[in-house]
Protein chains: 2
Amino acid sequence: MGHSGAFCYPYARPAVTVDCVVFGLSEDRLQVLLVQRDEEPFLQHWGLPGGFVRIEEDLEESVRRELESKTRCKNIYFEQLYTFGALDRDPRGRTISIAYFALVNSASYPIDDVGGELSQSSGHKQVRWHGVDTLPQLAFDHGKLIACALERLRSKIMYRPIGFELLPSRFTLSRLQKLYEILLGRELDKRNFRKKILSMGVLDGLEAWEQNGAQRPAQLYRFNQSKYQQKLKQGDFFEV
Amino acid sequence: MGHSGAFCYPYARPAVTVDCVVFGLSEDRLQVLLVQRDEEPFLQHWGLPGGFVRIEEDLEESVRRELESKTRCKNIYFEQLYTFGALDRDPRGRTISIAYFALVNSASYPIDDVGGELSQSSGHKQVRWHGVDTLPQLAFDHGKLIACALERLRSKIMYRPIGFELLPSRFTLSRLQKLYEILLGRELDKRNFRKKILSMGVLDGLEAWEQNGAQRPAQLYRFNQSKYQQKLKQGDFFEV
DNA sequence: CCAAAAGTGTTCACGGTACACCCATGC
DNA sequence: GCATGGGTGTACCGTGAACACTTTTGG
């Protein structure tokens with residue numbers, strides 16, 4: 001029981017952190033943003049971006065601060081995942097972590113597919129995308145957090161239109177389908193997919209086409225947030 | 001920024017609590033177990049059973065301890081709901097609450113439908129069931145927690161067989177149907193319901209019948225946990 | 001004219017829903 | 001014998017799944 005420091009309480013208190021599983025999409029796989037630790041414990045291991053919750057900030061504010069410092073990006077989609085509180089999850093002492101997961105359009109960030117170079121640095125720490133199937137050894141119980149986030153993401157894209165968050169604001173239906181195929185780990189029928197997605201009425205077809213080499217140009221679409229909100233209010237749900 | 005107490009840290013730490021939304025089923029409505037507070041803040045207001053997480057106990061252990069002290073019952077079904085951390089949710093200072101929800105077979109407890117008498121007492125606090133549609137003013141943000149738990153429960157019974165947890169281990173199909181009707185707030189077709197529920201193959205029909213006054217006796221069923229686990233592993237899902 | 005991806009409709013099977021009558025019992 | 005809830009089967013419709021060819025472009 002420590003006597004150092006200016007903040008004292010009649011009972012011992014756990015430390016509280018937020019950790020965030022940030023997903024991004026490369027050409028053909030789902031990736032997670034990891035930070036290489038520059039201190040003990042787990043020195044030089046990779047871990048999730050996260051940190052202690054400051055006493056004067058909201059949980060969401062904490063997450064936003066962490067995300068901005070690691071990704072230099074605002075307005076990221078994120079939501080709370082689960083709270084982890086096992087006694088031994090942090091060797092420094094009892095620490096409870098409120099885990100979040102976030103989806104970013106990773107085209108906005110340098111992406112490193114082969115795993116050679118670092119993509120960005122924040123302070124002196126390395127920050128890098130790692131394919132979810134080729135994760136390194138992770139600090140703390142972060143492997144568990146990622147597994148939990150993956151499960152949630154995979155099931156959630158089936159009933160909520162959050163997949164769009166992984167794409168640029170304008171995208172082709174083929175790209176969207178690829179996204180679903182990567183996340184679900186199986187192929188989807190093109191005609192059925194387009195029929196289904198379009199029939200939900202939350203995508204706006206644009207008068208713009210993407211030229212992608214030597215093929216027929218593909219029409220671009222945009223997710224219409226307000227149409228979706230309206231459907232939600234009518235109890236009308238998204239489903240893939 | 002206190003200096004009292006034996007537990008000191010270099011940075012201020014939020015207090016951490018668990019709170020549990022305990023659902024029970026009376027004859028014709030869903031109820032929540034509430035505790036009348038016997039201290040400030042919110043003296044005499046009703047609130048959720050819960051309390052501070054002890055430094056040497058798991059989150060689940062905390063919940064189990066709280067549940068046992070309030071309901072005197074072990075082996076209650078519960079799961080984590082959401083973590084609430086708004087800055088102003090506790091007037092005593094920054095407090096983060098990890099909310100859980102639990103389902104109990106309230107036949108095991110004295111139930112008080114009309115809201116007159118107390119059902120049980122733990123220490124000196126009153127503990128009582130309250131219909132979810134007739135809740136009193138609540139302490140802290142517990143109204144929010146209950147709303148959140150209700151939403152989760154209503155959606156979850158559609159895809160996981162947790163409804164059984166609200167019933168005694170042996171129950172009739174009519175009772176189960178009533179449960180779904182109460183939770184969903186709409187009537188269900190008897191034949192379709194029975195067809196659906198039985199076709200999932202997770203209920204065992206018993207050679208036992210319930211005599212319920214001047215009617216034809218109803219067959220009793222039991223939820224078969226292991227059959228369900230097996231189906232889960234096969235990726236075979238429960239759905240209503 | 002060839003390669004490569006975009007785009008487009010129909011058929012079939014299954015599951016959800018709607019619906020009405022007989023059964024067993026206690027009083 | 002009557003009131004009360006228990007118990008059962010069928011027909012229809014809509015949605016999900018399977019499936020193949022034409023179009024547009026660059027090289």
Side-chain angles (χ1 to χ4, degrees), chain A residues 27-28 155 157-159 161 167-168 170-222 231 234-240, chain B residues 25 27-28 155 157-159 161 167-168 170-182 184-222 231 234-240:
Chain A
E27 191 52 40
D28 55 0
S155 64
I157 56 161
M158 298 305 282
Y159 64 92
L167 298 178
R170 291 147 40 107
F171 51 86
T172 66
L173 292 186
S174 294
R175 185 71 183 132
L176 183 63
Q177 182 178 340
K178 191 79 183 294
L179 184 163
Y180 274 86
E181 290 176 337
I182 292 170
L183 291 187
L184 299 176
R186 60 189 160 95
E187 300 205 329
L188 299 174
D189 180 85
K190 184 164 46 160
R191 280 166 293 188
N192 292 337
F193 180 79
R194 294 163 101 89
K195 213 187 311 170
K196 193 81 185 283
I197 281 286
L198 291 176
S199 74
M200 289 163 198
V202 297
L203 291 188
D204 293 341
L206 306 178
E207 293 299 313
W209 281 262
E210 183 179 80
Q211 189 51 272
N212 195 23
Q215 303 97 27
R216 178 174 174 176
Q219 189 175 7
L220 291 167
Y221 289 82
R222 185 180 357 229
K231 291 201 171 270
Q234 291 162 17
D236 202 349
F237 280 88
F238 180 92
E239 204 158 303
V240 177
Chain B
L25 194 71
E27 190 52 41
D28 56 0
S155 64
I157 55 162
M158 298 305 282
Y159 64 93
L167 297 179
R170 290 146 41 106
F171 52 85
T172 66
L173 292 186
S174 295
R175 185 71 184 131
L176 183 61
Q177 181 178 341
K178 191 81 185 292
L179 184 164
Y180 273 87
E181 291 176 337
I182 292 170
L184 299 177
R186 62 191 159 94
E187 300 203 330
L188 299 173
D189 180 85
K190 185 166 41 161
R191 280 167 293 188
N192 293 337
F193 180 78
R194 294 163 103 89
K195 211 187 313 170
K196 192 82 185 281
I197 281 286
L198 291 177
S199 73
M200 289 165 200
V202 298
L203 292 188
D204 292 340
L206 306 177
E207 293 299 312
W209 281 262
E210 183 179 81
Q211 189 51 270
N212 193 25
Q215 303 98 29
R216 177 175 175 176
Q219 189 174 8
L220 291 168
Y221 289 82
R222 186 183 355 229
K231 291 202 171 269
Q234 292 163 16
D236 202 350
F237 280 89
F238 180 91
E239 204 158 305
V240 177

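Naming: A, B, ... by sequence-line order, numbering from 1 per chain.
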Discussion item. Show me the pairs that pass salt bridge (Lys or Arg N to Asp or Glu O under 4.0 Å) and involve residues 204-220 of chain A, at least two apart or across chains.
Written reply: A:Asp204-A:Lys227
Fill in: Partner set under side chain to side chain contact (heavy atoms under 4.5 Å, CB included) for B:Pro217, not counting sequence neighbours
B:Trp209, B:Gln211
Worksheet item: What salt bridge (Lys or Arg N to Asp or Glu O under 4.0 Å) pairs are there with at least one residue in residues 178-203 of chain A, not counting sequence neighbours?
Response: none
Fill in: Terminal contacting nucleotides, 5' and 3', DNA chain D versus chain B (heavy atom, 4.0 Å)
D:dA3 to D:dT10
Worksheet item: Taking only residues two or more places apart in sequence, or in another chain, which ones meet B:Phe238 in a ring pair (Phe, Tyr, Trp, His ring centres under 6.0 Å)?
Response: none
Worksheet entry | Counterpart residues, side chain to side chain contact (heavy atoms under 4.5 Å, CB included), relative to A:Arg222 (two or more places apart) | A:Leu206
Practice prompt. Check the distance between C:dG15's P and B:Glu239's CD and give it to me in whole angstrom.
Written response: 12 Å
Discussion item. Strictly by ring-ring contact (aromatic ring centres under 6.0 Å, His included), give each pair with a member in residues 180-201 of chain A just once, sequence neighbours left out.
Written reply: A:Tyr180-A:Phe193
Practice prompt. Taking side chain to side chain contact (heavy atoms under 4.5 Å, CB included) as the test, write out the residues that go with B:Gln234, two or more places apart.
Written response: B:Gln230, B:Asp236
Item to complete: Only counting residues at least two apart or in another chain, list the ones meeting side chain to side chain contact (heavy atoms under 4.5 Å, CB included) with B:Tyr159.
Response: B:Lys156
Worksheet entry | Base versus backbone protein contacts along nucleotides 19-27 of chain C [heavy-atom cut-off under 4.0 Å; B, S, -] | BB--BBBS-
Item to complete: Under 4.0 Å from any atom of DNA chain D, heavy atoms only: list the residues of residues 196-204 of chain B that qualify, in numerical order.
Response: none
Worksheet item: Atom CD1 in B:Ile197, atom CG in B:Asn192: separation rounded to 0.5 Å?
Response: 12.0 Å
Response to the item:
Residues at least two apart in sequence or cross-chain that pass ring pair (Phe, Tyr, Trp, His ring centres under 6.0 Å) with B:Phe171, listed by chain then number, are B:Phe164
